[in-house]
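Below, chain A is the first sequence line, B the second, and so on; all start at residue 1.
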Amino acid sequence: SQTIHQWPATLVQPVGSPLSLECTVEGTSNPNLYWYRQAAGRGLQLLFYSVGIGQISSEVPQNLSASRPQDRQFILSSKKLLLSDSGFYLCAWSSVQANSPQHFGDGTRLSIL
Amino acid sequence: AQTVTQSQPEMSVQEAETVTLSCTYDTSESDYYLFWYKQPPSRQMILVIRQEAYKQQNATENRFSVNFQKAAKSFSLKISDSQLGDAAMYFCAYQDDKIIFGKGTRLHILP
């Protein structure tokens with residue numbers, strides 16, 4: 001069966017520090033991969049999605065970036081974190097079939113001090 | 001652009017009772033999918049139920065069912081025999097080539 005792993009679960013970082021959140025999927029090949037952010041009391045905001053290695057689409061311009069160095073690995077990064085980057089980050093995957101449901105990781109709670 | 005609206009930020013229901021969560025959406029597409037996701041306090045998002053727009057029959061999954069009204073662009077979730085474990089944020093989502101989430105409804109279960 002397919003599983004998705006996301007880490008770390010919680011992270012506290014100072015303003016201006018770098019960020020790297022990692023997400024890996026097991027049990028499937030060539031998944032579509034997604035990064036979402038959920039601000040406190042708000043819905044999910046799609047940040048990035050990827051349909052293949054090295055193929056990244058950005059939905060919202062900001063100081064975050066994403067990379068997909070391997071088929072089942074998706075990384076969310078920042079060179080310099082802002083206070084506004086605080087939130088709950090979720091990675092998700094779906095199969096390449098159109099309109100297949102997304103399956104989410106456990107999320108990372110990021111607090112910027 | 002497609003939008004998803006959940007007009008109820010919070011709802012409460014007595015344990016064992018039935019509750020309906022509302023969701024409306026806007027699209028000019030005719031072929032799409034609709035989902036309800038559940039996010040319990042543990043924060044993990046879980047797929048609850050899925051509806052294909054071309055199917056007239058409402059989807060059901062055990063105690064969860066939907067009332068899909070395509071013409072009205074409405075997709076409500078009914079939870080029967082509510083249980084304490086149903087307490088969570090519930091997100092409605094629309095998907096054609098991208099997925100769009102509503103802002104969520106927080107459901108409280110009263111013992």
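- Side-chain contact between B:I46 and A:H103 is absent, with no heavy atoms from C-beta onward closer than 4.5 Å.
- Heavy-atom contacts from other residues, nucleotides or ligands closer than 6.0 Å to CD of B:E10 number more than 12.
- Considering all non-hydrogen atoms of both residues, B:F35 and A:P101 come closest at CE2-CB, 3.5 Å.
- B:Y37 places no side-chain N or O within 3.5 Å of a backbone atom of A:F104 that could act as its donor or acceptor partner.
- Neither A:V25 nor A:V51 shares a network with the other; the hydrophobic side chains, linked directly or stepwise wherever heavy atoms of I, L, V, M, F, W or Y lie under 4.5 Å apart, form separate groups for each.
- Contacts with chain B were tallied for A:G105, A:S100, A:G107; A:S100 has the most, counting heavy-atom pairs under 4.5 Å.
- From A:L90, atom CG reaches atom CD of B:Q44 across 9.0 Å, with rounding to the nearest 0.5 Å.
- The 12-atom threshold is exceeded at NZ of B:K70, counting heavy atoms of other residues, nucleotides or ligands nearer than 6.0 Å.
- Proximity to chain B (any heavy atom under 4.5 Å) is shown, for A:Q45, by neither the backbone nor the side chain.
- For A:D106, there are no salt bridge (charged side-chain N to carboxylate O under 4.0 Å, His left out) partners at least two apart in sequence or on another chain.
- In the hydrophobic cluster analysis, where Ile, Leu, Val, Met, Phe, Trp and Tyr join through side-chain heavy atoms closer than 4.5 angstrom, B:L21 is grouped apart from B:L47.
- Under the 4.5 Å side-chain heavy-atom criterion for ILVMFWY residues, a single connected hydrophobic cluster contains both A:L64 and A:W35.
- The minimum heavy-atom distance between B:I99 and A:Y36, with the atom names listed, is CG2-OH, 2.8 Å.
- Side-chain atoms of A:Q38 and B:Q39 form a donor-acceptor pair, as typed in the model, at a separation below 3.5 Å.
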